[in-house]
Amino acid sequence: MIATRSRTASLLGWFRAHPPPGPFRPAFWRSPLRGPWLTSVLGAVLLVGIPLLFLTGLLSYAAYNPDLGGANEHTGDKGLLGVYLFDWPTRPVWLYRLTQGIHVIGGLALVPVLMAKLWSVIPKLFSWPPAKSPAQAVERLSLLLLVGGGVLTFATGIINIQYWYVFPAGFYATHLYGSWIFIAALIVHVVVRFRRLVTSLGGTRLRDVLRTRTAETCAEPADPAGLVAAEPAAPTMSRRGALAFVAGGSLLLTGLSIGQTVGGPTARRLALLAPRGGYAEGSDPNDYPVNKTAAARGVTAAQTGSEWRLRLRGDRTLQLSRDELMSLPLHTARFPLACVEGWSTVRTWTGVRLADLAAMVDVPEPADVFVQSLQQRGSFGSVFLRRNQILDSDALLVLRVNDVDLSLDHGFPARIMVPNNPGVHNTKWVSTMTFRT
Ligand SMILES: Nc1nc2c(c(=O)[nH]1)N[C@H]1C(S)=C(S)[C@@H](COP(=O)(O)O)O[C@H]1N2
Ligand SMILES: [Mo]
């Protein structure tokens, strides 16, 4: 009995003392830059940036009004994750453009920081033995959720803004649930590591590090966490150089994509990384990004010609031709169209107020409206809008943009435009609107 126990113990000891070859051996990792300071600096940047992305993401989710159900709900099992949902306002009209711009551009800018942070701690992924105690095993498991959740959230976001819709469970659900896993694991990580971050940042002055050239760059003293290389190689780059490389990457990503959000002829042409940038905005009022073309959605000229009627449903039913709509009191307002994918454009919209349409079918106090498009395929063909979005004085069934008729690709004969509404909820090629109390 005792003999077996000691044999197990010595086997365990042998196992601990013999890591597999390659990255599991401490001598494999040799960069002298790795250490608590670099990891902490990058961590501090992420500690500011990621909560900002999370917050703007939560706002975007609320802006979708998923609690109206039906067409708006893509995350039916959200449960408690939806408790904070609130009536997304229509004012200020630029709010969604701002929060979603921060979300998308900020997310891209953080990619180099995230990658550098992962690089700085990568030896820990291969630490041997995998866990020294059950407590450490739990902690390492939480790191797996942290890295996995982070990579999943960033990857789904980036893939989505590149218009590559490949999510088996759908983008909304994957991005939402992934981000909550990420944030929960991040909170645990910050609680466990915050003191270490403060200590290692406090020990060295940023200014001193930024003055150190490559030749004078040396490894930090060995740390209990084991980030510092056991046998550091000669430096090929200073910490200043490494930080400049990361910051340069962030700036480049920002510079090549921000044009799609802020607009303007030069900025848009510079937005080479953004699928809705990289082009010169012409003088044609309909010359702004098209998310889904009429052809892509199976909308034909026959459907949108003189046969087209807008069906209004409420306490009674009405059918209106485009000419009849044009003869109603028209209202003009200028505000942004801002897509969840980060691009936006500011236009002058002219059309009939949604509140007027509600009143025409005897629902002057609507709770919501169900809008349906005549598109034949694909998503975004219908939406629920909330009471405050119907009653806003600039909420329109738009017929004209910048003083000309909408083009077919932009939703002719008529489209929804509600201030501060996520682009996707501004339904094009409207065929039916059902107002409910
Ligand atoms: N019927 C319908 N409406 C739609 C869409 C769609 O695919 N079908 N795309 C939406 C999305 S995602 C956005 S961002 C805006 C873009 O409007 P635009 O194509 O006129 O620029 O339209 C929205 N309205
Ligand atoms: Mo969109």
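Just so you know, ligand 1 is whichever comes first in the structure, and atom 1 is the first atom listed for that ligand.
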Student: Note the single closest protein heavy atom to atom 15 (C) of ligand 1, along with its residue, its atom name and the distance in Å.
Tutor: G423 O, 3.5 Å
Student: Got the closest protein heavy atom to atom 9 (N) of ligand 1, with its distance?
Tutor: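 Minimum-distance protein heavy atom for atom 9 (N) of ligand 1 reads F380 CD1, 3.9 Å.
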Student: What is the nearest protein non-hydrogen atom to atom 12 (S) of ligand 1, stated with its residue, atom name and distance?
Tutor: N291 ND2, 3.3 Å
Student: Check R386 with D87, please: is the shortest side-chain N to carboxylate O separation under 4.0 Å?
Tutor: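 The answer is yes: the pair qualifies as a salt bridge.
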Student: Report the nearest protein non-hydrogen atom to atom 3 (N) of ligand 1: residue, atom name, distance rounded to 0.1 Å.
Tutor: K428 N, 2.9 Å
Student: Heavy-atom pairs closer than 4.0 Å: do any link ligand 1 to the side chain of Q375, the backbone, both, or neither?
Tutor: side chain
Student: Charged N to carboxylate O below 4.0 Å: is that the case for E324 and R309?
Tutor: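 Looking at E324 and R309, the cut-off is not met.
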Student: Step through it carefully: locate the ring centre of F194, locate the ring centre of H189, and say whether they are under 6.0 Å apart.
Tutor: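 For F194 and H189, the ring centres are not under 6.0 Å apart.
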Student: Answer yes or no: is there a donor N or O on one side and an acceptor on the other, between the side chain of T348 and the main chain of N402, under 3.5 Å?
Tutor: no
Student: Number the atoms of ligand 1 from 1 as they appear, then name those within less than 4.0 Å of a heavy atom of R415, with their elements.
Tutor: 15 (C), 16 (C), 17 (O), 18 (P), 20 (O), 22 (O)
Student: What I want to know is whether R297 and ligand 1 share at least one N or O pair that is separated by under 3.5 angstrom.
Tutor: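 Yes; at least one N/O pair falls below 3.5 Å.
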Student: In the protein, which heavy atom is nearest to atom 21 (O) of ligand 1, and how far is it?
Tutor: P289 O, 2.6 Å
Student: Give me the residue, atom name and distance of the protein heavy atom closest to atom 11 (C) of ligand 1.
Tutor: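 Atom 11 (C) of ligand 1 sits closest to the protein heavy atom V424 CA, 3.5 Å.
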Student: Would you call E220 and R34 a salt bridge, using N to O less than 4.0 angstrom?
Tutor: no
Student: Kindly assign one of parallel, tilted or perpendicular to the pair H175 and F171, based on the angle between their ring planes and the thresholds 30° and 60°.
Tutor: parallel
Student: Using a heavy-atom cut-off of under 4.0 Å, does the side chain or the backbone of H425 touch ligand 1, or both, or neither?
Tutor: neither
Student: Against ligand 1, does S379 come closer than 4.0 Å with any heavy atom?
Tutor: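 Right, S379 reaches ligand 1.
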Student: So which of F380, Y172, Y177, Y64 actually passes ring pair (Phe, Tyr, Trp, His ring centres under 6.0 Å) with H74?
Tutor: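 Among the candidates, only Y172 passes.
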Student: What about D409: any of its N or O atoms under 3.5 Å from an N or O on ligand 1?
Tutor: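 No.
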Student: Need the ligand 1 atom indices (1-based, order shown) with element for anything under 4.0 Å from a heavy-atom of S373.
Tutor: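 Per the distance check, 1 (N).
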Student: Hey, which atoms in ligand 1 end up nearer than 4.0 Å to a heavy atom of N426?
Tutor: 22 (O), 23 (C), 24 (N)
Student: For K292 and ligand 1, does the shortest N/O to N/O distance drop below 3.5 Å?
Tutor: no
Student: What about T427: any of its N or O atoms under 3.5 Å from an N or O on ligand 1?
Tutor: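 Among all N and O atoms of T427, none is under 3.5 Å from an N or O of ligand 1.
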Student: Distance under 4.0 Å to a non-hydrogen atom of L337: what atoms of ligand 1 satisfy this?
Tutor: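 So the answer, numbered in order with elements, is 17 (O), 21 (O).
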Student: May I ask you to check whether over 12 heavy atoms, not counting those of R316, lie within 6.0 Å of atom CZ?
Tutor: yes
Student: Regarding R91 and D392, does a basic nitrogen lie under 4.0 Å from an acidic carboxylate oxygen?
Tutor: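 Salt bridge present between R91 and D392.
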Student: Using a 4.0 Å heavy-atom cut-off, which part of W343 comes near ligand 1: side chain, backbone, both, or neither?
Tutor: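 The part of W343 near ligand 1 is the side chain, not the backbone.
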Student: What orientation do H410 and Y288 show, parallel under 30°, tilted 30 to 60°, or perpendicular over 60°?
Tutor: parallel
Student: Any side-chain heavy atom of D405 sitting closer than 4.5 Å to one from R322?
Tutor: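 A side-chain contact under 4.5 Å exists here.
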Student: Begin from the C-alpha positions of W180 and F54 and carry the test ring-ring contact (aromatic ring centres under 6.0 Å, His included) through to its verdict.
Tutor: CA-CA 9 Å; W180 274 101; F54 187 59; 5.0 Å; yes
Student: Any idea which atoms of ligand 1 are less than 4.0 Å away from a heavy-atom of W429?
Tutor: 1 (N), 2 (C), 8 (N)
